[in-house]
Novice: 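Got a structure here, written out as structure tokens. Questions coming.
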Amino acid sequence: MTDQPDAQRAASFHRDSSPVIDLREYKQSKDPLPITFHRRELDAILRIYGRMVGEGEWRDYAIDHLKDKAVFSVFKRSGEMPLFRIEKNPKLAAKQGAFSVVNVDGRILKRGHELSQVLKVFDKVLRLIE
């Protein structure tokens with residue numbers, strides 16, 4: 001062992017070792033946060049959802065926060081494919097718009113930059129034809 005006190009050994013160790021990295025910054029760079037709906041966006045979606053539940057059209061929903069997009073799916077029955085998906089994809093914000101409504105077939109019914117405008121597709125009578 002050396003004759004150096006513990007504090008001196010620790011100081012020399014830090015000088016000789018790699019730079020200190022903030023763990024939060026490292027985690028964010030390796031695993032980016034998922035895309036989410038903001039509070040006002042979720043309020044607007046849930047307002048439509050409540051209206052459609054009241055009309056007996058929708059019965060269940062699911063929210064997925066993925067790495068590239070956030071998805072609000074609505075169902076007639078919980079065991080089925082979603083009737084509609086309301087998606088937020090920030091990568092498309094500069095192009096066609098970050099928000100879109102997709103039907104059960106995967107067809108985009110409406111797309112745009114403003115969620116309120118995209119949700120107007122539900123002002124028309126959209127009903128499941130069985």
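Residues: numbered from 1 along the sequence shown. Everything quoted here is computed from the prediction, not taken from an experiment.
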Novice: Quick check against the 3.5 Å criterion: does Lys76 have a side-chain atom that pairs as donor or acceptor with the backbone of Gly56?
Specialist: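 Confirmed, Lys76 side chain pairs with Gly56 backbone.
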Novice: Is there a path of hydrophobic side-chain contacts, each under 4.5 Å between heavy atoms of I/L/V/M/F/W/Y residues, joining Val71 to Met52?
Specialist: no
Novice: Is there a path of hydrophobic side-chain contacts, each under 4.5 Å between heavy atoms of I/L/V/M/F/W/Y residues, joining Ile63 to Ile86?
Specialist: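 Shared cluster, yes.
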Novice: CG/Leu92 to OG/Ser100 distance, rounded to the nearest 0.5 angstrom?
Specialist: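 With rounding to 0.5 Å, CG (Leu92) is 7.5 Å from OG (Ser100).
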Novice: Taking 4.0 angstrom as the limit, do Asp68 and Lys88 come out as a salt bridge?
Specialist: no
Novice: Are Arg47 and Asp43 close enough for a salt bridge, meaning some N to O gap below 4.0 Å?
Specialist: no
Novice: For Gln96, is the CD atom crowded, meaning more than 12 foreign heavy atoms sit under 6.0 Å from it?
Specialist: yes
Novice: Are Val121 and Leu46 joined in one hydrophobic group, where the rule is that I, L, V, M, F, W and Y side chains link up if heavy atoms are under 4.5 Å apart?
Specialist: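 Yes: a chain of side-chain contacts under 4.5 Å links Val121 to Leu46.
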Novice: Quick one: hydrophobic cluster around Val102, which other residues, with the 4.5 Å side-chain cut-off, linked directly or via members?
Specialist: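 For the cluster that includes Val102, the remaining residues are Ile108.
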Novice: Hey, what do you get for OG1 (Thr36) to CG (Leu42), rounding to the nearest 0.5 Å?
Specialist: 9.5 Å
Novice: Strictly distance-based, threshold 3.5 Å: is any side-chain N or O of Asp105 a donor or acceptor partner for the main-chain N or O of Arg107?
Specialist: no
Novice: Checking side-chain contact (heavy atoms from CB on, under 4.5 Å) against Phe72, which of Asp64, Ile45, Ile48 comes through?
Specialist: Ile45
Novice: Closest heavy-atom contact between Pro82 and Phe75?
Specialist: N-CE2, 3.4 Å
Novice: Report the C-alpha distance between Tyr61 and Tyr49 in whole Å, list the side-chain angles of each, state the deciding distance to 0.1 Å, and finish with yes or no for ring-ring contact (aromatic ring centres under 6.0 Å, His included).
Specialist: CA-CA 9 Å; Tyr61 72 92; Tyr49 176 78; 5.0 Å; yes
Novice: Looking at every non-hydrogen atom in both residues, tell me the closest pair between His113 and Ala94 and how far apart they are.
Specialist: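 Between these two residues, the closest heavy atoms are CE1-C, 4.5 Å.
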Novice: Please enumerate all residues that pass side-chain hydrogen bond (donor to acceptor under 3.5 Å, both in side chains) together with Arg111, with sequence neighbours excluded.
Specialist: none
Novice: Does the plane of the ring in Phe84 sit parallel, tilted or perpendicular to the ring in Trp58? Use 30° and 60° as the thresholds.
Specialist: tilted
Novice: Once rounded to the nearest 0.5 Å, what's the spacing between atom CD of Gln117 and atom CG of Leu119?
Specialist: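 Separation between the atoms: 9.5 Å.
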Novice: Once you round to the nearest 0.5 Å, how far does CG of Asn103 lie from CG of Leu83?
Specialist: 9.5 Å
Novice: Run through Lys110, Arg51, Glu57 and flag the one making a side-chain contact (heavy atoms from CB on, under 4.5 Å) with Phe122.
Specialist: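 Only one of Lys110, Arg51, Glu57 forms a side-chain contact (heavy atoms from CB on, under 4.5 Å) with Phe122, namely Arg51.
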Novice: Check whether any side-chain heavy atom of Arg85 lies under 4.5 Å from a side-chain heavy atom of Ser73, and answer yes or no.
Specialist: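 The answer is yes; the side chains approach within 4.5 Å.
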Novice: When you compare the side chain of Pro90 with that of Ile35, does any pair of heavy atoms fall below 4.5 Å?
Specialist: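 When only atoms from C-beta onward are counted, Pro90 and Ile35 do touch, with a gap below 4.5 Å.
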